[in-house]
Structures are given as structure tokens and as C-alpha cells.
Amino acid sequence: MPPDPSSAPAPPRALSRRTLLAGLATGSLAATSGCIRQLRTLANRDAPDQVSLEIKTAPADADPRSIYIARFLSSNLNAVGIETSIVPMSLEELLRDVLLNQSFDIYVMRHPRTASPNFVYSLLHSRFDAEPGWQNPFGYANLGVDDMLDEQRTQSGDAREATLHEIQSAVARDQPFAPIAIPDEIRATRGDRFSGWSAADMHTLLGYLRLRPTTTETPEQPQNGPTNETTTETSQQTTAPPLRMTLKDPRATRNLNPIAVEFRGDGDITEMLYDPLARPIGGDLVPWLAHEWSWVDSDTAGPAVEVTLREDLLWHDATPLTAADVAFTFDFLRDTSGGALDSPVPAPRYRDRSTLVTQAVETGRRTVRIEFEPVSREVAQTAFSLPLLPKHIWETKTGQATIAGLDTIGGVTEALIWSNSNPVGSGPLRFVSATDGESLTLAPFDDHFLTRDVSDGPLAPFQGGFEPSELEFVVVPSDGAALALMEQDDADATASPLGAESISQIGQSDVLRLHVSKPTSFYHVGFNVRQSPLSNPRFRRAVAQLLDKQHIVNEVFGGYASAIATPLAPYPVAAPALRWEGEDPELPFPGEDGELDIELAKESFRSAGYRYNEAGELLRR
């Protein structure tokens, strides 16, 4: 039970700084010379201020879940005597402030979907403290965790799993960020024009490649066109209809740079434009642009592999795709300046995989040798999923970035800020057009390898490539607008996830179908541990404890989410000690059903070494 404030003895009356100074000036205080020095020292020290924190997040129209979590946390921080301000900002600005400028106290955001638990290496290792991107945006540094992160990259099987358990426990104690919940992804489709919808990978390249048209369309003829016999035959030809998707995030309509972190999120559209050597399919890494790979002897401490590309690969501009492009990509992602600047400028995105590679060398037109850091083969091959970039385009973007022809930006290359508005990739879909904030259109790439040389194996379901005539994304302002377009037969499905409140509307519709999937992306609250008071792990734990995750799941996600205590919760390597069983196993909420026990919560801050003034404000130390 918290102590009863009314029964506590009255505190001694505080001597104000002004009174103390006046006393010193008039000599009315009887004291020895030593006492006077102590009093002067005390008087000249500024009274501690109230702890205040800024919480940055996306606005309600862009992400209503994040703003709810921010408000919930802000309210509880206020209740325990911490002043807060919530700063809503566009997703683009938020990612720029958090991932590039590292300018924040606390943020609330969704971490992007990941294919494997390897992402924790770059997310938590202190070697990435100063790097932009999803590389340790918190500034977290724990040498013990660093050692374990390095060790697990050299392990496999049970040994690696055991190390990952230890890492999760250490991070749960330190709380550089508070994982909140994994939301169910809710989407809607019409079932009358395409079959093959799969909730698990709906807004992904593989999901789109599985779709098969159930209808065909007859192309319209020009009003004043010829009417001879040849034209009559043409008018009878049919084609697959376009696939029409709604999109709430407009960033892809203005930027298609695959390495620009502030423009990329889950279900990244650039993965449809840029192919990797291999893709994760059904839990395995399957050769994609690679025909095959074989591990070879290495003179270094790490493994080495020789990769052979498929025959006759092309970029979307008809330039041949060769081993030189592969070698260039691995080098370029490690240093986008191509060695032209004093220090390497790595691409912030994909650092978890690009750091695995030490060297990539073209050994033939279709063969490349790749050498790795001292890691296991299991970990090394995850680098094969990096998107390949055309050398003849990106090697012109290695110069240092400038703004309006004025001063240069240290450590930023043109490649990192380029909008890439007419992208040239090698993926099954190619760019057609985009209107800023309104729409984006892609079309099948007829020369993609899927259209010719796949007959069986794990790629068989994708034989023939993308079948619809086009893939159109229309930007909508809300879930309601997306569903209205579908009801009117102006859209086939929602690319962006819907809120739980849309479920009843979908259920009442005769034409809409509901799809719910369990992704790996998670909402979290990030702390900037570079600065006080968030540099104190005890303080961070006290703050993280104010988040009633189960209440948040029930209230903001409508129950369509899973509360978590570790970011690896969706993977088999999740630590058993951090399994969610009704409450947070590491930091249980001091209260019930979202109602905070304020005095109990304050004790956590007092235990962290903080104190309160008479007004109940938590004071900086």
C-alpha cells in the first residue's frame, strides 16, 4: 500500500533562495565562516527544474495508433510529475528527425516489417550509435550486449538461439525502447476481378505475383480511328484488367529511392522495382536473380561464396544486368561516395545486411565472389536479399550532396537524397508514372526472367510474372475513402492496413472481403539514451512501466494486436522469459485497466534517485 500523505509529518518549511540571499546580504544569519561558505554555495546553485520531455509521433490522420499511445504515455508522465509536450509531424519529418537527425527525446512509431531476427544486430549494436537509419537510433551502448550480438552472428542452431535469449533479457532490463504491440494487419478486397488474394503477403511483390485475373477487358478504340477489317479484329482482343489498390501513405508517389530511409516503410513498393539475388519464400532463402551459389574456400576468417546469375538479365532500360552490377551494389551500400570522400558514407537502410560483406569481386560476366565478415553461412546469406542497383545509373550519384548550390552537407551523398523519380530496376514491375500525392502506376516488365525460364520449384507459383495489365496505387485520405472506392468498383483492394473500426463496414458489404494477417512489424516507444534523464536506465524503466500495453491493445487496436515485451516475439527465437501472459513480464503496469496507481508509479522514479518538490513535480538531478 502506498503511504497515506495525510499521516506523514509536516515537512520543514523550505527556505527560499531569495530569502537566503537576503539573509546573507544583511548578515542577519548567525553563522560561522564555514557555514556561510556552505550557504553561499547553496544559494549560488540553481534550483533543479522539473523534468520535461518531448514526444514526437505521426499525426492522427497518418497513424491514429501512434498518437493514442503518445497521449496515453503523456498523460501518465504528467500524473507522475513530468512535463510533456506531444509533437505531431508528418511521417517523412518524423523519420528524418528520429533516424537521420537523432533529434528527439521520445518517439512513438512502428518499426518496419523484417524477414528475420537479424535486424536486432544493427538496431542495438553500439557501433551504429552515430549512424543514421534504423541502426541504433536510440544511441544505446552496452558492451556486454555488443559482444553477444557479435557472437550470435557466428553461431547457428540452439547456440545462437540461447545467445539471442540473453540479448533479449539484457535489452528488456535496459529498455532503450519499449516494445508495445504487434498489430494485426486488416485489409479488404473485392473478389470479382482477381483471385489468389492472401492475407499473409497481400501488399508485397510475391502477393501481387500470385494474383490471377478472373475477367478480361477490351481495349477502347480511338473515336476517329480506322474502321477497316484489321481494326475490327483488334477490337475483339482482350487483355487482363489493371489491378487498382488504395494507398494512405503518399510518400511513394514522390520518392522511389530504395535507400532513402525517410520514404520507405512496410510493404515497400521499391521491392517490386528492384530485384535481389535471393528472396525469402516459405521460410527459405530462394535464388531469384541468382541461378545458384556455392560456398568456396576463403583466406579470411569469414566465409566466401561464388554466385552465378541467371542468363540474359536486363534492367528496365534494356541495359544488360551483369556481375559488375552485383559487385558495385555491395560496395556502394557500404560507401555511397565510392571512396571519393574522406570517410565512407554507408546507405542507412540495409545496414544489417550490408555490414556482413567485406568484399564483392566480379569474376566473370555472370559470376561474382562475395567475402563476408566472420559470421556463420546462415547469417551471411541474408545479404543476398539486398536490392541490386544498376551501376550505370547509381555510380553518377556518389558526389557530396548540396543544397541549392550553397554549402555541402558533410557525410551525405547525392545517392541518399535523390528522389529517383524515374527508377530503373530489374524487378517484375517497372515504373510508368506518378503524380505527387495522388497516384503511382507500375506495369509488368516483359523481359523479366519469370516470364521465360521458371517451370518448377518454389518459384513455380510466380511463373509468367505479373499478370494484370498495370498496378495502380491511388492515394486516399482515410480508411472510409478507401472502402468507398472499393464499394463503387473503383478499387480492387487496400494496400495500406485498415483500422479495426473498418471491420464492421466490411462485414456489412456484399462485395468486400476481410483479410487479417500477423506481420512482424511492431509499435514501440523509443528513448534517446544519449541525453539526461533518458540516459539513466532506471529512469527509462520507470517511464516504460507507465505503458499499459494490454490496455493499449484493447483500446486503440480494438483487440486486433498482440502485446509484446520483446521485439523478437513473432520469431521462434523469442525468449521464453519474455513471453506475454496477460501482463508485461519485465515491467508490469502499476495500475489496472489503464488507470495508473500514481503513488506506486512515483516510487519507481524515487528508486531511480529522483525527488519531487512540494508541487509534486519530478525534479532533474
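Bear in mind that the values here come from a model prediction, so they are computed numbers and not experimental data.
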Exercise for the section: Enumerate the residue pairs fulfilling salt bridge (Lys or Arg N to Asp or Glu O under 4.0 Å) with a member in residues 54-82, sequence neighbours excluded, ordered by first and then second residue. Expected result: Lys56-Asp97
Handout entry: Residue pairs passing the salt bridge (Lys or Arg N to Asp or Glu O under 4.0 Å) test where at least one lies in residues 548-561, sequence neighbours excluded
Key = Lys549-Asp584
Please give me the minimum heavy-atom distance between [X] and [Y], naming the atom from each residue.
X      : Y      : value
Pro64  : Val556 : O-CG2, 4.3 Å
Pro585 : Arg579 : CG-O, 3.8 Å
Ile186 : Ala500 : CD1-CA, 3.8 Å
Pro183 : Phe557 : CB-CE2, 3.6 Å
Ala181 : Val553 : CB-CG2, 3.8 Å
Ala347 : Leu416 : CA-CD2, 4.0 Å

Handout entry: Residue pairs involving residues 533-542 (criterion side-chain hydrogen bond (donor to acceptor under 3.5 Å, both in side chains); sequence neighbours excluded)
Key = Arg541-Glu586
Considering only distance and modelled atom types, tabulate donor-acceptor pairs under 3.5 Å from the side chains of residues 558-568, sequence neighbours left out.
| residue | atom | partner | partner atom | Å |
| --- | --- | --- | --- | --- |
| Thr566 | OG1 | Gln168 | OE1 | 2.8 |
| Thr566 | OG1 | Leu568 | N | 3.2 |

Nearest 0.5 Å, please: how far is [atom2] in [Y] from [atom1] in [X]?
X      : Y      : atom1 : atom2 : answer
Leu91  : Lys248 : CG    : NZ    : 10.5 Å
His515 : His203 : NE2   : NE2   : 15.0 Å
Phe605 : Tyr612 : CZ    : OH    : 5.5 Å
Leu77  : Ser52  : CG    : OG    : 11.0 Å
Phe589 : Asp597 : CZ    : CG    : 9.0 Å
Trp134 : Met109 : CH2   : CE    : 4.0 Å

Exercise for the section: Assign the ring pair Phe119 / Phe522 to parallel, tilted or perpendicular, where the plane angle (0 to 90°) is split at 30° and 60°. Expected result: tilted
Exercise for the section: Assign the ring pair Tyr107 / Phe138 to parallel, tilted or perpendicular, where the plane angle (0 to 90°) is split at 30° and 60°. Expected result: parallel
Salt bridge [X]-[Y], side-chain N to carboxylate O under 4.0 Å:
X      : Y      : value
Glu93  : Arg96  : no
Arg110 : Glu185 : yes
Arg349 : Asp268 : yes
Glu373 : Arg153 : no

Problem - Worked check of side chain to side chain donor-acceptor pair (under 3.5 Å) between Thr163 and Glu151 - result: CA-CA 8 Å; Thr163 305; Glu151 184 180 10; 4.5 Å; no
Exercise for the section: Apply side-chain contact (heavy atoms from CB on, under 4.5 Å) to Phe128 and Thr355, showing your working. Expected result: CA-CA 11 Å; Phe128 300 113; Thr355 56; 3.8 Å; yes
Beyond-backbone contact of [X] with [Y], side-chain heavy atoms, under 4.5 angstrom:
X      : Y      : result
Pro590 : Leu596 : yes
Leu73  : Val543 : yes
Ser419 : Asn255 : yes
Lys518 : Ile182 : no
Met89  : Pro59  : no

Checking [X] side chain against [Y] main chain: does a donor-acceptor pair fall under 3.5 Å?
X      : Y      : value
His125 : Arg127 : yes
Asn420 : Leu256 : yes
Ser122 : Gln135 : no
Asp174 : Pro176 : no
His111 : Tyr523 : no
Gln102 : Asp129 : yes
Asp479 : Gly499 : yes

Problem - Trace of the side-chain contact (heavy atoms from CB on, under 4.5 Å) decision for Thr57 with Phe104 - result: CA-CA 10 Å; Thr57 191; Phe104 64 95; over 6 Å; no
For [X], side chain to side chain donor-acceptor pair (under 3.5 Å) partners two or more places apart:
X      : answer
Ser126 : Asp146
Thr494 : none
His165 : none
Asp352 : none

Practice task
Show your reasoning for whether side-chain contact (heavy atoms from CB on, under 4.5 Å) applies to Gln152 and Tyr121.
Solution key: CA-CA 9 Å; Gln152 60 86 27; Tyr121 181 81; 4.1 Å; yes
Under the side-chain contact (heavy atoms from CB on, under 4.5 Å) rule, collect the residues that match up with [X], sequence neighbours excluded.
X      : result
Gln531 : Asp105, Asn528
Pro346 : Glu131, Arg351
Ser116 : Asn118

Exercise for the section: Kindly check if the number of other-residue, nucleotide or ligand heavy atoms within 6.0 Å of CZ (Arg620) is above 12? Expected result: yes
Exercise for the section: Verify side-chain contact (heavy atoms from CB on, under 4.5 Å) between Phe177 and Val171, making sure each step is shown before the conclusion. Expected result: CA-CA 9 Å; Phe177 65 97; Val171 173; 4.3 Å; yes
Check residues 79-86 and write down every donor-acceptor pair under 3.5 Å in which the side-chain atom is one partner and the other belongs to a residue at least two apart or another chain.
| residue | atom | partner | partner atom | Å |
| --- | --- | --- | --- | --- |
| Thr84 | OG1 | Ser74 | OG | 2.6 |
| Thr84 | OG1 | Asn78 | ND2 | 3.0 |

Practice task
Report yes if the distance between the aromatic ring centroids of Phe527 and Phe539 is under 6.0 Å, otherwise no.
Solution key: no
Exercise for the section: Assert yes or no for the condition that the ring centre distance of His551 to Phe72 is strictly below 6.0 Å. Expected result: yes
